[in-house]
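Quick note: residue numbers are just sequence positions, from 1.
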Amino acid sequence: MNSSNGNMAEYTVERKASGKYLKYKIGCIALYAAIVLAYFCTTVALSSYGVWVAIVIIPFVPLFIMLLRHYVWNRYVNVEYKYEIASAYIYFYEVYGKQRENKVYERLISEFDLIAPVEDAYRDKYENADIIRDFRGTEKTPDAYFMMAMEEDGKKSVVFFEATEKTLKALKYYNSQNLVATKKTTR
């Protein structure tokens, strides 16, 4: 992305393992340990053939764990959220395993009715939303902001994200009348 334009921004945040994502991480680690344990149990159970079983199966254990890592770990545990502001639009992506990105949300910045920090003063604005999209690394981040807009079907939509100073400047450029930037970000 061309960073010479001051009205553009890009930021990536890693999703922290908390709540259901912590359960996914623990489950994946337990699954990997169970595979290795099953391998050793099979080898011991077939003690007379244990050496041959070990020799035949040993190449498949790392291969199976690599496949699980690719399809399970990267999808449920190793996820990042990335946003870009370009050409008056904001784009949100989910990045799986630092390799594959999937665009999950896109909207014209001027369509947002309110862009504000996640503070108690605005709690009634974002708590009662019909559609909630959360692109923060953790809910307790100090740089959390939200954007609120009405969808075409009349439902209130809220998007949570982590803001940087450059992001706030770009948002102000494209939607200054609806931006409430009452706090400085740490980024």
Side-chain angles (χ1 to χ4, degrees), residues 1 9-86 90-107 117-120 123 126-147 151 155-164 166-167 185-187:
M1 180 160 64
E10 181 177 338
Y11 187 69
T12 303
V13 61
E14 183 178 342
R15 182 174 66 193
K16 306 291 186 250
S18 63
K20 71 177 181 179
Y21 304 116
L22 181 61
K23 291 178 186 176
Y24 289 154
K25 188 172 189 174
I26 292 170
C28 285
I29 292 171
L31 180 64
Y32 299 154
I35 290 170
V36 172
L37 183 65
Y39 168 73
F40 286 123
C41 289
T42 304
T43 305
V44 170
L46 301 171
S47 60
S48 60
Y49 302 105
V51 174
W52 291 107
V53 170
I55 291 172
V56 171
I57 294 178
I58 205 159
F60 296 105
V61 172
L63 179 65
F64 190 63
I65 289 176
M66 286 174 29
L67 286 172
L68 280 176
R69 182 182 181 276
H70 179 73
Y71 289 109
V72 176
W73 186 267
N74 287 345
R75 176 68 175 113
Y76 296 107
V77 178
N78 191 15
V79 177
E80 294 180 341
Y81 298 118
K82 172 183 164 185
Y83 66 80
E84 293 179 1
I85 296 176
I90 187 161
Y91 305 94
F92 285 94
Y93 301 90
E94 281 185 344
V95 182
Y96 303 112
K98 301 186 188 323
Q99 299 168 357
R100 186 178 59 120
E101 15 182 92
N102 182 25
K103 185 177 4 174
V104 292
Y105 187 74
E106 164 186 351
R107 189 159 196 143
V118 176
E119 295 176 339
D120 288 336
R123 184 177 300 277
Y126 62 81
E127 264 188 352
N128 301 322
D130 299 313
I131 302 169
I132 297 175
R133 295 175 178 92
D134 195 347
F135 300 110
R136 298 175 289 181
T138 180
E139 291 182 10
K140 298 184 188 329
T141 182
D143 298 326
Y145 271 71
F146 74 94
M147 300 183 289
E151 296 294 328
K155 293 183 178 181
K156 184 166 69 168
S157 173
V158 171
V159 177
F160 292 100
F161 66 102
E162 292 185 25
T164 64
K166 186 170 183 172
T167 303
T185 64
T186 59
R187 297 177 176 103

Q) Do the two ring centres, one from Tyr126 and one from Phe160, sit under 6.0 Å apart? A) yes
**Q.** For Phe135, the option from Tyr11, Tyr83, Phe161, Phe92 that meets ring pair (Phe, Tyr, Trp, His ring centres under 6.0 Å)
**A.** Phe92
**Q.** With sequence neighbours excluded, residues passing side-chain contact (heavy atoms from CB on, under 4.5 Å) with Lys103
**A.** Tyr91, Tyr93, Glu106
Q. Can you check whether Ala144's main-chain N or O pairs, donor with acceptor, with Thr141's side chain at less than 3.5 Å?
A. no
Q: Determine, stepwise, if the pair Lys82 / Glu80 fulfils salt bridge (Lys or Arg N to Asp or Glu O under 4.0 Å).
A: CA-CA 7 Å; Lys82 172 183 164 185; Glu80 294 180 341; over 6 Å; no
Q) Where the side chain of Glu94 meets the backbone of Val104, is there a donor-acceptor pair that is under 3.5 Å apart? A) no
**Q.** Approximate separation, where rounding is to 0.5 Å, of Phe146 CZ and Arg133 CZ
**A.** 15.0 Å
**Q.** From Glu139 atom CD to Asp134 atom CG, the distance as rounded to the nearest 0.5 Å
**A.** 6.0 Å
Q) Who pairs with Glu151 by side-chain hydrogen bond (donor to acceptor under 3.5 Å, both in side chains), at least two apart in sequence or on another chain? A) Arg107, Ser157
Q | Set of residues satisfying side-chain hydrogen bond (donor to acceptor under 3.5 Å, both in side chains) with respect to Asp130, sequence neighbours excluded | A | none
Q) Taking atom CG of Asp143 and atom CZ of Arg136, what is their separation to the nearest 0.5 Å? A) 11.5 Å
Q | Approximate separation, where rounding is to 0.5 Å, of Thr138 OG1 and Glu14 CD | A | 12.0 Å
Q. In Å, rounded to the nearest 0.5 Å, how long is the span from CD of Glu84 to OG1 of Thr167?
A. 11.0 Å
